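Contents: one structure, followed by commentary.
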Amino acid sequence: MTTLTVNISETPSGSYPIYIDNDDLKELKKKLDEETKERKRLVIFSEKVYKIYGKILDFKKSETFVLKDGEQQKNIKNYEKIIRKCIELKLSRKDMIIAIGGGVVGDMAGFVAATYMRGIKFLQVPTTLLAMVDSSVGGKTAIDMPHGKNFVGAFYQPKAVYINLNFLKTLDEKQYKSGFGEVIKYGFIEKSCQYGEYFNLIKILKENRDKYEKRDNEFLARIIEICLKLKSSVVEKDEKESGLRKILNLGHTFGHALEEETKYKRYTHGYAVVLGLMFIFNYALKNNLCGREYYDEAYTLMSVYGYEPPCFCGINKKRTLNYMKTDKKSDGNTINLIVPVNYGEVTEKTADSVEFDIEYIK
Ligand SMILES: NC(=O)c1ccc[n+]([C@@H]2O[C@H](COP(=O)([O-])OP(=O)(O)OC[C@H]3O[C@@H](n4cnc5c(N)ncnc54)[C@H](O)[C@@H]3O)[C@@H](O)[C@H]2O)c1
């Protein structure tokens, strides 16, 4: 078992633990019971996770809310339903919300916890690789609006994060690969994260493709730990994204725009992020911001992990560009980008929309 700590001085609780293990899930249940002892609780599950693990985890039906699967479910109607469930259960500020599932449930449950009675405590139990390496830590909580993804939200940190590797055994190939999209992103931002130790994540990824294939527990535990150390380092320095935290958005401006343009149906979040990485590496090369050697290395890594530049059939370039301009990080006319410059290093650039073309993807 590994325990990491996220130290955020601005939050009332100051810091919180991340537990990483592969204990029996009955053990996990005991720990969650212990954390919520003498409190009421609402447990919010991803639909598929509830189907597979509902019985083993054995929470009372009355304290459970199952959120249907899909990004489209991260909406205001479901937010209201969950708030009503909190009211029905008479949850008070002493009580607790538990999110068990992927990033969709984590973001939704976190936003409910941030806003119900101006904030009640919540625990993250991430069950997808993407949620384990990224979304369960750092306190970004949100729901989507027709105007854009994560349009309404709050920075609100969990009380603790419980990562259990056993969940990964039932994750389908598409979702597993999606999680690796965010892992690769961490490789490209590693040095900019300003963590005290250097792991050379790009090299680790290059050399361990077979362990990825086998879902080797030791390898996955190491990767999760590295990504979370890098993420915590960034979030601790800039919780509310006024500066450094923007680097975590590498690949996301184009990735989010693609997700919106394709109505969240064509690509998983992590896959869209990798397409965003391809886009931004092309932008960097064309604008002499990164060298050919690093560019080739980055493309090789992405293709070794099976990511290929997509067919853009049916994608409206103008609309996609507009989605990039309406991204929360942009001012409506220009586009703020995080751009790779050197091995594991990125910088922030503001781009004029006319510089852009989807053909940047090779
Ligand atoms: N808050 C943040 O910092 C942050 C960071 C990155 C992404 N996100 C958000 O995360 C969301 C994407 O999360 P995701 O990729 O986890 O997708 P997801 O939550 O939609 O889960 C994907 C699918 O996997 C299923 N699933 C989950 N765990 C499983 C398991 N152990 N076995 C079998 N099936 C399982 C789910 O039921 C769902 O069908 C997006 O909304 C994205 O915006 C948030």
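Just so we're clear, the structure is a prediction, and the values are computed from it rather than from any experiment. First listed ligand is number 1; within each ligand, the first listed atom is number 1.
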Side-chain (Glu63) to main-chain (Lys40) donor-acceptor, under 3.5 angstrom: no
Residue that, paired with Ser46, satisfies side chain to side chain contact (heavy atoms under 4.5 Å, CB included) out of Ile52, Leu67, Asp69: Asp69
Residue selection (non-hydrogen contact nearest atom 20 (O) of ligand 1) among Val235, Thr141, Leu168, Val104: Val104
Winner among Thr170, Asn166, Leu130, Asn164 once heavy atoms are compared against atom 30 (C) of ligand 1: Thr170
Minimum-distance protein heavy atom relative to atom 38 (C) of ligand 1: Asp69 OD1, 3.5 Å
Steps toward salt bridge (charged side-chain N to carboxylate O under 4.0 Å, His left out) verdict (Lys30, Glu27): CA-CA 5 Å; Lys30 275 191 209 155; Glu27 278 305 306; 3.2 Å; yes
Side-chain H-bond candidate by donor/acceptor type, Glu259 with Tyr323, under 3.5 Å: no
Winner among Val137, Leu171, Asp107, Leu67 once heavy atoms are compared against atom 9 (C) of ligand 1: Asp107
Atom 28 (N) of ligand 1 - nearest protein heavy atom and its distance: Thr127 OG1, 2.7 Å
Glu218 atom CD, over 12 foreign heavy atoms within 6.0 Å: no
Protein heavy atom at shortest distance from atom 31 (N) of ligand 1: Phe167 O, 2.9 Å
Within-cut-off N or O pair, Gly101 and ligand 1, under 3.5 Å: no
Atom 5 (C) of ligand 1: nearest protein contact (heavy atom, Å): Ser135 CB, 3.4 Å
Selected option - heavy-atom contact closest to atom 21 (O) of ligand 1, from Thr128, Ile100, Val105: Thr128
Those atoms of ligand 1 less than 4.0 Å from some heavy atom in Gly102: 16 (O), 19 (O)
For atom 42 (C) of ligand 1, the option (of Lys174, Lys231, Gln73, Lys149) bearing the nearest heavy atom: Lys149
Among Gln124, His269, Lys51, closest by any non-hydrogen atom to atom 7 (C) of ligand 1: His269
More than 12 heavy atoms from other groups under 6.0 Å of CD on Glu207: yes
Ligand 1 to Lys140 polar contact by distance, N or O atoms, under 3.5 Å: yes
Short N or O distance, Asp172 and ligand 1, threshold 3.5 Å exclusive: no
Side-chain (Ser303) to main-chain (Gly306) donor-acceptor, under 3.5 angstrom: no
Options Gly70, Ser136, Gly255, Gly103, ranked by nearest heavy atom to atom 13 (O) of ligand 1, top entry: Gly103
Lys74, any N or O under 3.5 Å of ligand 1 N or O: yes
Neighbour count above 12 (heavy atom, 6.0 Å) for Lys191 NZ: yes
Ring-face cation contact, Tyr295 with Lys286, 6.0 Å cut, 45° max: no
Nitrogen or oxygen of Asp134 less than 3.5 angstrom from that of ligand 1: no
Pair Lys206 + Glu297: basic N to acidic O under 4.0 Å: yes
Heavy atoms from other residues, nucleotides or ligands near NZ of Lys177 exceed 12 (cutoff 6.0 Å): yes
Mode of Asn150 contact toward ligand 1 - side chain, backbone, both, neither (heavy atoms, under 4.0 Å): side chain
Interfacing atoms of ligand 1 (cut-off 4.0 Å, heavy-atom, Val49): 26 (N), 27 (C), 28 (N), 29 (C), 35 (C)
Hydrophobic cluster membership, Leu228 vs Leu168, 4.5 Å side-chain cutoff: yes
Single-linkage hydrophobic cluster Leu277~Leu130, side-chain heavy atoms < 4.5 angstrom: no
Heteroatom distance test (Glu182, ligand 1): nitrogen or oxygen, under 3.5 angstrom: no
Glu71: numbered ligand 1 atoms lying under 4.0 Å from its heavy atoms: 40 (C), 41 (O)
For Ser46, the ligand 1 atoms whose distance to one of its heavy atoms is below 4.0 Å: 37 (O)
Proximal ligand 1 atoms for Ile52, defined as those under 4.0 Å from one of its heavy atoms: 33 (C)
Protein heavy-atom partner closest to atom 24 (O) of ligand 1 - residue, atom, separation in Å: Gln175 CG, 3.7 Å
Arg84 atom CZ, over 12 foreign heavy atoms within 6.0 Å: no
Numbered atoms and elements of ligand 1 in range of Lys48, under 4.0 angstrom, heavy atoms: 34 (N), 37 (O)
Neighbour count above 12 (heavy atom, 6.0 Å) for Lys174 NZ: no
